[in-house]
Each structure stands twice: as structure tokens, then as C-alpha cells.
Colleague: 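Attaching a single structure in C-alpha cells format; questions to follow.
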Amino acid sequence: MKITRRLLGTAVLTAAAFSFGPGVLAQGKVLRVVPHSNLAVLDPIWTTAYMSRNHGYMIYDTLFGTDENGKVKPQMVDTWSESPDKRLWTFKLRKGLEFHDGKPVTGEDVIASIQRWGKRDAMGSALMQFVQRMDSPAPDTFRIFLGEANGFMLEALGKPSSNVPFIMPRRIAETDAFKQIEEHIGSGPYVFKRDEFKPGDKAVYTKFAKYVPRAEPPSGTTGGKRVYVDRVEWNLALRDAQAQVSALQKGEVDIIEALGFDHFETVKADSTLQIPKWSNLGLQYMARFNHLHKPFDNPKVRQAAIAAFNQEAFLRAQVGVKDLYKSCGSMFICGTPYGSTAGSDIQMKSNMKKAQDLLKASGYDGTPVVIMKPTDLASIQKLPDVAAQLLRQAGFKVDLQAMDWQTLVGRRAKKDPPEKGGWHMFLTAWQAFDVWSPIGSAMMDTRGEKSTWFGWASDDRMVELRNQFMRATDDGTKKKLAEQIHARAFEVGTHAILGEYSQPVAARKNISGFFVHNGNIYWNLKKD
């Protein structure tokens, strides 16, 4: 691979360096995408990383999906019913579902997939607390028997983002949930070309000719997944934001999945390019504490950090474009059914003096806080610098450690002490549908080391409130419980929210078919 030019003294790979040759470049049936990050983990159940989720949506299908308005609709499921006591759910799969290896999708495949997902996902784990057993009385049917009724069965099975309950062949889904799968076969609209996959270089997907899409128009993760291109190529090598825009302008790539905020106005002014609307709800920045090790094993220290984290400082530094961000005191996203500011005064009405006072009162012993900083994820890479600055102002000692995002993803799973390769804090972003409910939000799982997400928060009162929420079936009760959970999360300092933003996507004008989906999805697109 040839390095063709330099930008600001740094070697930059252009799209031409990544090129598959002039013949391929001219093909209208090849969609070239620059994803937001490298793809290293191919198991979307093993990790919550969005690159792995996006890879999952290319090759797997789901039982249900969530449309652009947050409504759950069937996807692989044709019909379903529930018993009068809501404890027996029976689902029938639609006809024509086939895995990429030619085998039909069966109820046994579904059951194994749900079981594995239920061991890694926050909402899946919550659902499995109610499941007594599952069976498949016919190849196209599966049943879920509950010990007691709950109010989120379809919401769980239609969960649109990490971790998504993707359906895999039984033999693959039976892999230990804490080990990565080695085969990557689904029944979705694209086939993964494992023989062409090169981490840090490219990932390739080809149209699955036997996929039978639903008749409905696409919306969110629901509707017809119609494929109008023969091949989708993810350019994993083109990481410089300026080089990405240049490649887009030249027609060397078709879509930039996460346009650098500094280049928003440039793309907006270019008549050959577009910034399509793809999301009704944006994303939320957040900082996650490691609750296992000092100093963040102390809730008073966590409160001090939260008080120091002024959202405007993070948003202005990371996003910069005022129209693309806003401060919000709701962990469950402002304007959503459970949106609440209960308990948020400690952050939203705080100041640095308050943070300093809280830290002094906490008994903080000067332990250096290890913050992991990703160097190759433009949408969040400035956040750790802001966090380090604010924490130092509050009185913390900080050890800012740089690494690529995939290294961070692997390291955050470690429970080792920071001085032995562990960590104290990392910063990331969640799409709205991942965090807008007490069950779906991984940060609200406070079962300590049994929690499904990194950070391992522990609080029995939160567990109790969340269990009550799971069993609630009327909206009024759910709303009241959500407010109590929200206030408690601020009280114990599960994590810090850093504001909401919209991540612009950039594309050439000859790409059509974009629809609102709150994620990164590459069906329904046409290339003229």
C-alpha cells in the first residue's frame, strides 16, 4: 500500500492507496463506505462496540426491530401470540428464512441465539430472569415460557442497538458467551467475505441473493431490507478526517459514516455532496467509572467527578458546531418517554468550587486516575482531554493513556487493578435507543461483577427499583419508577452524562435511499 501524500507532517493514506483498481472504482454496484472506526471484533454479542453491531446488521437478521419512532415491529417473526396470563409467548417465523450456508432458520437456532445474547446484554439478562424455559414445537416455531409476566418482552427482542439479539445458526450460537465466535454466518441481506477481511484495511460484504425482504418500507431496523448493490466495501484504512472528505469529493468513496465535525460546513457547502437525515434522536456522550478500584469505588469520589464535568466544555471541544449539540440533564435522553432530570442538580447546577469541596470531603487519597484515550475515533477522541483537564482542576491526579479504540475495547473488559493493566475511566457515546430506558441502559445494571457492562457498578437499591420496573405493565408506574432509578443513578454515581449531539453522515449526491434509522445501516441504498 503506497503512502501518497502528507497532511500537517503526518503520513496519510488516501482512498487511492486503498483502491481496488479503476475497473472496480467505476462500478455503480459497489458501495464504498468509510466507517467510523476500525473493525476488529466480529462478534456483536461479545462486545457493545458499534462497529461490531454494524457488522452484525450487515449479515444477521433479527426477530423484531424498532422503527424510527421507537415502535417495535416484526422482522423475522411472522405471527405471535401470548397467553391470557402473559406467561406463554408463541412465535412463528416467516417463510423463506435461510442462512448463508443454505440451511433454513429454525426455532432451535432462535433459542440458542437468545440464550447467548441473554448472558451478555443488559436487557437480555433482565429478560432471562423471567424465562423458565424455551422450546421449538415445530421447525418454524419457538415458545418462551415465563415464570411471571413482564412488560418488555417485545421491546427486548426488538432491541435495535448494542447488544442486538441477532439470530445465528445454533452451532455458532452455542459458543460460550464470553468467548468470541469463529464462524460468521447469518441470514441477513449481506454475506461477509471472510477471505477478503483485513483488519485495519478493509471489510467486504456481498449481496445475499436468497434473502427475502419484508414488504414494508424500511424504518429504523424494521421493514424491507432491500439491497440494490452487489458489494459493500468498508475502507478501514482511511482514518484522517481531511483525507476522508477529499476522497468523498473525488468520488473515491461514497459515504463517510461519521463526518468530522470540523468539516461539516465544507461538506454542507459542496453541491456534489449531501448530509442526509438519518436520525430522529441523537447520541449521548458519557464517562464510565470503574467501580471496582479506588478511588472510584467510593461514591463520594464519583460524585465529585460528576460535579466537575460541565457538559458545555465537552460539547464545545468535541463537536464545536452549536447546531449539532445540546446540554441535557437526562440519562434517559431529553424528550423521550422516560426523559427526566431527577437528581441531576449535582452536575447541571454545579461548579468547579462545588466539585473541589466534594472531592476534599470524600477523603480522596491522591490515587492517579487512569483515563483511556482513543487516538483513532474522531467522534470522541477529544473527550478524554477535557475530562483530564476538569478532573485536575477539581483536585484529582490524572494519568491519561493513549491507545487505539480497539485496544481500549479490549482493555475495558479487564477487571485488573489499573496498575496491572486495568483502568479507572473511559469516555464513549451511546445512541439514544441504547440508553433511553432503565432496562436497556447498561449503566443501570448495578449487580456488581455480575453486571453485563464494564464498570461493574453495585447498588442493591437500584437493582430493586429496576426489578420493579421490569414487572410494571402500565406507563404511569413505569414513569414513576424511571424517575426514582434516574435520581438514584446520580446519587450513587453510576456514570456521568456529558451532553447530547448529532453525528452527521456525509455522502455523494448520487447515493439515494437514505431513511431514518438511528444507526449505521447499508440496505435500501442505490448508487446512480
Side-chain angles (χ1 to χ4, degrees), residues 285-311 313-314 317-318 331 343 346-347 350-375 380-405 407-428 442-451 453-462 488-498:
Y285 285 131
M286 55 84 71
R288 180 65 160 176
F289 309 114
N290 188 333
H291 294 240
L292 297 181
H293 304 291
K294 70 175 187 178
F296 291 132
D297 60 341
N298 182 344
K300 294 182 179 180
V301 175
R302 300 194 295 268
Q303 287 179 343
I306 291 172
F309 283 167
N310 175 275
Q311 291 189 0
F314 287 96
Q318 179 60 68
M331 291 182 174
I346 189 173
Q347 181 179 23
S350 188
N351 54 51
M352 189 54 69
K353 178 64 166 58
K354 177 68 172 178
Q356 292 168 347
D357 291 343
L358 285 170
L359 187 62
K360 289 179 182 178
S362 73
Y364 171 63
D365 63 359
T367 299
V369 173
V370 174
I371 302 177
M372 296 188 290
K373 170 183 167 61
T375 57
I380 64 172
Q381 65 183 15
K382 296 178 182 178
L383 299 178
D385 297 302
V386 179
Q389 179 182 357
L390 294 177
L391 288 178
R392 285 173 178 140
Q393 290 178 18
F396 286 90
K397 292 182 179 179
V398 177
D399 180 5
L400 191 62
Q401 298 186 8
M403 63 199 73
D404 63 73
W405 175 245
T407 297
L408 189 155
V409 167
R411 185 170 169 182
R412 70 182 181 180
K414 295 182 178 180
K415 297 179 181 179
D416 303 312
E419 64 272 17
K420 295 184 178 180
W423 56 278
H424 284 118
M425 181 190 298
F426 69 92
L427 299 95
T428 189
M443 283 66 69
M444 301 301 166
D445 183 356
T446 59
R447 294 175 296 147
E449 295 195 50
K450 294 181 179 178
S451 301
W453 204 59
F454 324 105
W456 307 285
S458 179
D459 184 64
D460 292 341
R461 177 58 179 160
M462 281 274 287
R488 184 64 178 173
F490 268 106
E491 183 179 351
V492 301
T494 54
H495 62 296
I497 52 174
L498 309 177

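What you see is a predicted model, and the numbers here were worked out from it, not measured in a lab. Below, each value reflects all heavy atoms present in this structure, side chains not excepted, and no hydrogens, waters or symmetry copies.
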Colleague: Are any non-hydrogen side-chain atoms of Met331 and His495 less than 4.5 angstrom apart?
Modeller: yes
Colleague: For Trp453, give me all partners under ring pair (Phe, Tyr, Trp, His ring centres under 6.0 Å), at least two apart in sequence or on another chain.
Modeller: Phe426, Trp430
Colleague: Judged by atom type as modelled, is there a donor-acceptor pair below 3.5 Å linking the side chain of Asn290 to the main-chain atoms of Trp423?
Modeller: yes
Colleague: Indicate the atoms forming the closest heavy-atom contact of Met425 with Ala287, along with that distance.
Modeller: SD-CB, 4.3 Å
Colleague: As an exercise, state the distance from CD of Gln356 to NZ of Lys353, rounded to the nearest 0.5 Å.
Modeller: 7.0 Å
Colleague: Not counting sequence neighbours, which residues clear side-chain contact (heavy atoms from CB on, under 4.5 Å) with Pro299? List them please.
Modeller: Arg302
Colleague: Asp365: what forms a salt bridge (charged side-chain N to carboxylate O under 4.0 Å, His left out) with it, not counting sequence neighbours?
Modeller: Lys294
Colleague: Partners of Phe296 by ring pair (Phe, Tyr, Trp, His ring centres under 6.0 Å), sequence neighbours excluded?
Modeller: Phe289
Colleague: Would you name the heavy atoms of Gly366 and Lys397 that are closest together and state the gap between them?
Modeller: O-CD, 3.3 Å
Colleague: Among all residues two or more places apart in sequence or in another chain, which pass the side-chain hydrogen bond (donor to acceptor under 3.5 Å, both in side chains) test with Asp445?
Modeller: Arg447, Thr452
Colleague: Holding to salt bridge (charged side-chain N to carboxylate O under 4.0 Å, His left out), I want the full list of residues that pass it with Glu491, two or more places apart in sequence or in another chain.
Modeller: Arg488
Colleague: According to salt bridge (charged side-chain N to carboxylate O under 4.0 Å, His left out), who are the partners of Lys354, at least two apart in sequence or on a separate chain?
Modeller: none
Colleague: Please examine the side chains of Pro374 and Pro384, heavy atoms only from C-beta on, and report whether any two atoms are closer than 4.5 Å.
Modeller: yes
Colleague: Nearest heavy-atom pair of Met462 and Ala489: which atoms, and what distance?
Modeller: SD-N, 3.9 Å
Colleague: Decide yes or no for Ile371 and Leu391: does some side-chain heavy atom of the first lie under 4.5 Å from some side-chain heavy atom of the second?
Modeller: yes
Colleague: As a quick check of understanding, evaluate side-chain contact (heavy atoms from CB on, under 4.5 Å) for Gln389 and Val398, giving each step before the final call.
Modeller: CA-CA 9 Å; Gln389 179 182 357; Val398 177; over 6 Å; no
Colleague: side-chain hydrogen bond (donor to acceptor under 3.5 Å, both in side chains) with Lys373: which residues, sequence neighbours excluded?
Modeller: Asp385
Colleague: Identify, with sequence neighbours excluded, every residue that meets side-chain contact (heavy atoms from CB on, under 4.5 Å) alongside Lys360.
Modeller: none
Colleague: Determine whether Leu427 and Gln318 make a side-chain contact, defined as any pair of heavy atoms from C-beta on separated by less than 4.5 Å.
Modeller: no
Colleague: Got Trp405 and Thr428 here, is their nearest side-chain heavy-atom distance under 4.5 Å?
Modeller: yes
Colleague: Report the residues that fulfil side-chain contact (heavy atoms from CB on, under 4.5 Å) with Ser362, sequence neighbours left out, ordered by chain and then residue number.
Modeller: Asn298, Lys300, Val301, Leu359, Tyr364
Colleague: I want to check something: taking the side chain as every heavy atom from C-beta on, are Glu419 and Val370 in contact at a cut-off of under 4.5 Å?
Modeller: no
Colleague: A side-chain contact here means heavy atoms from C-beta on lying under 4.5 Å apart; do Arg288 and Thr494 qualify?
Modeller: yes
Colleague: Using the test salt bridge (charged side-chain N to carboxylate O under 4.0 Å, His left out), find all partners of Arg461 that sit at least two apart in sequence or belong to another chain.
Modeller: Glu464
Colleague: Could you pull out all residues at least two apart from Gln347 that satisfy side-chain contact (heavy atoms from CB on, under 4.5 Å)?
Modeller: Ile306, Phe309, Gln311, Phe490, Ile497, Leu498
